[in-house]
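Since we're looking at a predicted model, the values are computed, not measured. Chain identifiers are assigned alphabetically (A, B, ...) following the order of the sequence lines, protein sequences preceding nucleic acid strands; residue numbering begins at 1 within each chain. Computed from heavy atoms alone, side chains included, the values below leave out hydrogens, waters and symmetry copies.
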Number of protein chains: 2
Amino acid sequence: MPARAKEPLSRARVLAAALEVADAEGVPAVTMRRVAEVLDCEAMSLYHYVDKKALLAGLTEAVVGEIAVAALDAPPLPPSPAADPAADPAGWRDVVRRRCLAARGVMLRHPWAPPLVATQPQPPPTVYPLFEALVATMVEAGCGYELAHRAIHSLGSMLLGFTQELFEPTADDEGVASPQAEAMALAMPHLARLAEVAVHEAEGTIGLCDTQAEFEFTLGLVLDGLEAHRRAAAAASAAGSASAV
Amino acid sequence: MPARAKEPLSRARVLAAALEVADAEGVPAVTMRRVAEVLDCEAMSLYHYVDKKALLAGLTEAVVGEIAVAALDAPPLPPSPAADPAADPAGWRDVVRRRCLAARGVMLRHPWAPPLVATQPQPPPTVYPLFEALVATMVEAGCGYELAHRAIHSLGSMLLGFTQELFEPTADDEGVASPQAEAMALAMPHLARLAEVAVHEAEGTIGLCDTQAEFEFTLGLVLDGLEAHRRAAAAASAAGSASAV
DNA sequence: GACCTGAGTCTTACGTTGTAAGACCAAACT
DNA sequence: AGTTTGGTCTTACAACGTAAGACTCAGGTC
């Protein structure tokens with residue numbers, strides 16, 4: 001599908017082409033020549049806009065930007081008439097949760113993204129609007145800046161880490177158990193039992209692990225933990241001001 | 001430091017050389033020729049043991065194996081005389097916590113590892129002993145297999161994700177604020193405020209974010225959440241068996 | 001002894017990658 | 001007209017992964 005109508009090159013067009021290649025053929029296929037081919041020009045022409053490093057950095061910028069807009073579009077807070085800060089102490093969790101799920105949705109559409117992001121020396125500036133929104137939500141809900149800061153770290157790392165199927169025993173279970181598999185099961189009784197249980201439970205889902213469910217579970221853990229911290233801090237500060245009165 | 005006394009090649013020696021190169025010069029430097037140079041032989045000689053893909057897979061296997069032994073060595077459970085299952089309901093958290101911290105320690109010694117692991121199609125078999133130990137600890141403490149399963153996912157993803165400084169504003173703060181930085185601060189008041197607070201707090205630590213502290217905080221969040229689930233499940237099953245009596 | 005065999009290593013060679021150097025070209029100024 | 005200049009293309013090169021096959025040499029067989 002190359003050969004557009006020869007509109008002029010630009011950094012944006014180069015990055016778009018790179019994204020196209022990455023989505024269709026994976027990051028290793030993103031070479032200067034391949035991208036040039038998509039743009040119907042020569043590889044060396046791209047160097048006026050990016051070299052290889054900048055190309056990958058731009059690609060990162062693009063996905064992260066996509067994540068940011070998806071997360072920001074997700075939930076502009078339900079009606080909330082004349083919202084009083086600290087009036088809706090629990091609602092912030094739903095807002096943050098939905099933003100995280102939206103972000104994860106984008107990651108799933110670009111499964112090559114997490115390792116790419118992880119190799120970049122700097123996070124792209126396109127995350128900042130999302131950070132700002134998350135911090136705003138949390139601070140307005142009565143979490144302090146420290147807690148918001150930690151939340152960013154926790155949630156960001158979750159998002160980066162929750163790509164791979166750390167488990168997934170190659171989907172060749174319940175068939176003829178190979179001798180080595182049997183030996184392993186003997187050596188690791190708990191894992192073997194776990195696999196059985198998981199298989200029993202997984203009736204409906206594809207594969208052994210429902211990664212989406214795992215993600216949502218961990219997300220819930222983290223959000224509940226943050227909320228507990230918020231409440232504790234709020235109680236402490238209330239007690240403090242009460243004793244001051 | 002090449003030119004060993006010409007002991008014969010072997011898969012193990014090739015992998016050790018690759019690890020050496022990766023630690024000293026990063027993953028991109030791990031080329032067939034570079035590894036061969038360390039082993040004082042020709043690149044093509046390596047192909048009897050690994051090709052490039054297998055080399056990187058073996059490297060992954062090596063780090064993950066290192067993680068597993070470090071985590072397993074960490075805490076063989078404090079004395080615990082004649083331990084009664086479900087007698088020490090909270091102690092499991094410390095065991096798991098120390099294992100996770102040990103695992104992270106290894107990751108920090110090989111900062112190139114997370115993106116490598118994330119690009120591997122399968123997790124290396126060297127994780128399984130660690131998984132087994134973690135599941136054993138949790139199950140014996142009264143967590144069910146489902147909860148142990150989720151814990152593996154949560155903790156594994158944390159470990160993978162918590163590498164990068166998602167934040168770290170290039171360490172050029174408090175100097176002459178560039179006009180663009182000022183514009184950004186205006187557009188993102190909460191982030192600007194957060195940065196101020198973080199700087200104030202970070203007196204002692206290096207950089208803006210104390211990633212180790214963030215990791216430990218999130219780890220605590222997750223472990224506490226898991227413990228809450230364990231307790232809830234234990235209470236429910238106790239009530240169930242009580243009503244059955 | 002001579003001979004073969006096969007695992008392990010090395011030589012050579014090819015296609016692909018990123019990119020330096022500079023040629024080329026059209027549009028914009030002087 | 002001539003000159004400048006920003007953008008594109010040609011050519012070329014070093015480094016990469018690896019296919020093909022030649023070499024080396026310890027071990028077994030006659």
Please tabulate, for the side chains in residues 47-56 of chain B, all donor-acceptor contacts under 3.5 angstrom to protein atoms that are two or more places apart in sequence or on a different chain.
{"residue": "Asp51(B)", "atom": "OD1", "partner": "Lys53(B)", "partner atom": "N", "Å": "3.4"}
{"residue": "Asp51(B)", "atom": "OD1", "partner": "Ala54(B)", "partner atom": "N", "Å": "3.0"}

With a cut-off of 3.5 Å and sequence neighbours excluded, list every side-chain donor-acceptor pair involving residues 21-30 of chain B.
{"residue": "Asp23(B)", "atom": "OD1", "partner": "His110(B)", "partner atom": "ND1", "Å": "2.6"}
{"residue": "Asp23(B)", "atom": "OD1", "partner": "Trp112(B)", "partner atom": "NE1", "Å": "3.0"}
{"residue": "Asp23(B)", "atom": "OD2", "partner": "His110(B)", "partner atom": "ND1", "Å": "3.4"}
{"residue": "Glu25(B)", "atom": "OE1", "partner": "Arg34(B)", "partner atom": "NE", "Å": "3.2"}
{"residue": "Glu25(B)", "atom": "OE2", "partner": "Arg34(B)", "partner atom": "NE", "Å": "3.2"}
{"residue": "Glu25(B)", "atom": "OE2", "partner": "Arg34(B)", "partner atom": "NH2", "Å": "2.7"}

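Using modelled atom types, no side-chain atom of Glu214(A) and backbone atom of His153(B) make a donor-acceptor pair closer than 3.5 Å.
Under the salt bridge (Lys or Arg N to Asp or Glu O under 4.0 Å) criterion, Arg104(A) pairs with no residue at all, not counting sequence neighbours. Taking the ring-ring contact (aromatic ring centres under 6.0 Å, His included) definition, one finds that His190(A) meets it with nothing, sequence neighbours left out. For Phe217(A), the ring-ring contact (aromatic ring centres under 6.0 Å, His included) criterion is met by His229(B), not counting sequence neighbours.
The distance between atom OH of Tyr49(A) and atom P of dT19(C), rounded to the nearest whole Å, is 17 Å. Following rounding to the nearest Å, Arg11(B) (CZ) and dG8(C) (P) show an atom-to-atom distance of 15 Å. One interatomic measurement links the two molecules: CD of Glu37(B) to P of dC10(C), which rounds to 14 Å at whole-angstrom precision. Straight-line distance from the CD atom of Glu42(A) to the C1' atom of dA20(C): 17 Å, rounded to whole Å.
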Nucleic acid footprint by protein, nucleotides 13-25 of chain D - heavy-atom cut-off 4.0 Å, B for base, S for sugar-phosphate alone: ---BBBBB-----
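For the pair Ser45(B) and dC10(C), the criterion of a side-chain N or O lying under 4.0 Å from OP1 or OP2 is met.
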